[in-house]
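Throughout, residue positions are numbered sequentially from 1 according to the sequence presented. Hydrogens, waters and symmetry mates play no part in the numbers below; they use all other heavy atoms, side chains included.
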Amino acid sequence: IGAAAAAILAFAPVLPWYLGREADAPGASTPHLEILVANVYYSNREFDRIRRLVEEEDPDVVGLVEVSGRWLRKLRPLSARYPFHFEVPDEHHVGLALYSRLPIAGARAIRIGDGSSPAIAATLTTPAGEVDILLVHPASPVDSAAILRRNAQIRALAKHVRDAGRPTVLAGDLNLTMWNAGYRPLVDVARLHNARAGHGVGPTWPAIARLGVPIDHILATPDVSL
């Protein structure tokens, strides 16, 4: 009985992600676009897998996390496929790359929180108007100090979105789940909603079948439908 009660308590924050009405599919007259985000893992050498994934999904926007100089060389064909791109490579785990079929303006690297992790900020021109896009990768929670740093970066991102006051999509490897207390500023401060709502947990790490935890996210302000 005790184990069952503990299991129910543990599952309580997970269950809501399987409930609720999913967003309506866009109609023929509704401008929309598709976004693909992936953490490629900087020491990974399966370059063909991400290339095939992009070709199969054919998204309008691609955001990649943990890209190194070698990854960028191997993914050079993406530059031809997506004429608008901005890359911030790194030889460890904080490299980022944004590719878009639609025009982007003001693309730049910004520092979040303590400045140890960069983010890419840009304005995407869509058929429905301009949307700011943030590609992010806060610190990995490898120890207590890193957890504090990650949480501070999440708070800084939430404040950035709130203060901008513009339609915004925030995507990337956030290194936390939706039920982690560190996630709350994204909801309480930035008022972001998650593409997972109504679809279930959608585990993303580790990349083993359907096992794992949801730490990679696509979120948006209320004026953007997911």
Side-chain angles (χ1 to χ4, degrees), residues 3-23 25 34-59 61-67 71 92-98 117 119-120 133-144 146-147 149-151 153-154 157-158 169-188 190 192-220 224-226:
I8 292 172
L9 186 64
F11 194 64
V14 178
L15 182 60
W17 293 95
Y18 291 88
L19 305 176
R21 188 175 66 87
E22 297 179 7
E34 296 185 4
I35 300 175
L36 183 150
V37 176
N39 183 327
V40 300
Y41 187 51
Y42 69 97
S43 64
N44 176 26
R45 294 293 178 262
E46 295 184 78
F47 308 108
D48 287 341
R49 290 186 67 185
I50 192 69
R51 283 199 298 258
R52 287 197 303 269
L53 179 64
V54 172
E55 290 172 1
E56 291 167 5
E57 297 295 332
D58 194 30
V61 179
V62 179
L64 301 180
V65 176
E66 294 199 18
V67 290
W71 263 99
H92 295 288
H93 60 274
V94 296
L96 302 167
L98 179 67
S117 298
I120 289 179
I133 186 165
L134 289 169
L135 181 64
V136 303
H137 188 204
S140 180
V142 294
D143 55 36
S144 58
I147 290 173
R149 187 163 65 250
R150 176 204 63 190
N151 291 351
Q153 291 168 349
I154 293 293
L157 283 169
V169 171
L170 185 151
D173 179 354
L174 271 59
N175 274 313
L176 43 61
T177 64
M178 300 85 75
W179 47 85
N180 187 299
Y183 181 92
R184 292 306 309 172
L186 298 172
V187 178
D188 298 337
L192 295 171
H193 58 120
N194 197 307
R196 280 184 174 82
H199 294 276
V201 168
T204 62
W205 181 87
I208 304 173
R210 300 299 295 170
L211 301 176
V213 291
I215 63 172
D216 303 88
H217 305 271
I218 295 178
L219 305 102
V224 176
S225 177
L226 291 174

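- In W179, the CH2 atom is crowded: over 12 heavy atoms of neighbouring residues, nucleotides or ligands sit closer than 6.0 Å.
- What you find for A97 and L135 is that their closest heavy atoms are O-CD2, 3.4 Å.
- Inter-residue side-chain proximity for I50 and W71 is flagged as met; some heavy-atom pair is nearer than 4.5 Å.
- The two residues A139 and R149 have their closest heavy-atom pair at CB-NE, 3.9 Å.
- Two residues are said to be in side-chain contact when any heavy atoms from C-beta on lie closer than 4.5 Å; H93 and S140 fail this criterion.
- Note that the CG atom of L134 and the CG atom of L157 stand 7.0 Å from one another [nearest 0.5 Å].
- Closest non-hydrogen pair, E34 versus E57, comes out as OE1-O, 3.9 Å.
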Legend entry - Check against side chain to side chain contact (heavy atoms under 4.5 Å, CB included), N175 and H137: CA-CA 7 Å; N175 274 313; H137 188 204; 3.5 Å; yes
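- Between H92 and Y42, the ring-plane angle classifies as perpendicular under the 30° and 60° cut-offs.
- Of the inter-residue distances, the one linking Y18 atom OH with H199 atom NE2 reads 12.5 Å to the nearest 0.5 angstrom.
- Minimum heavy-atom separation, Q153 to S117: NE2-OG, 3.4 Å.
- The side chain to side chain contact (heavy atoms under 4.5 Å, CB included) test with I218 singles out one residue from N194, L170, L192, V37, and that residue is V37.
- Of the inter-residue distances, the one linking Y41 atom OH with W205 atom CH2 reads 10.0 Å to the nearest 0.5 angstrom.
- In terms of heavy atoms, A158 sits closest to A190 at O-CB, 3.6 Å.
- Screening V136, V65, L64 against L96 for a side chain to side chain contact (heavy atoms under 4.5 Å, CB included) leaves a single residue, V65.
- Considering CD1 of I154 and CG of L186, their distance stands at 5.0 Å, rounded to 0.5 Å.
- Residues V224 and H193 share a closest heavy-atom pair of O-NE2, 2.8 Å.
- Between I215 and L176 there is no side-chain heavy-atom pair separated by less than 4.5 Å.
- The distance from atom CG of N151 to atom CG of N180, rounded to the nearest 0.5 Å, is 6.5 Å.
- Residues L219 and L174 are in side-chain contact: their nearest non-hydrogen atoms beyond the backbone lie under 4.5 Å apart.
- At a threshold of 4.5 Å between non-hydrogen side-chain atoms, the residues I35 and P59 do not count as touching.
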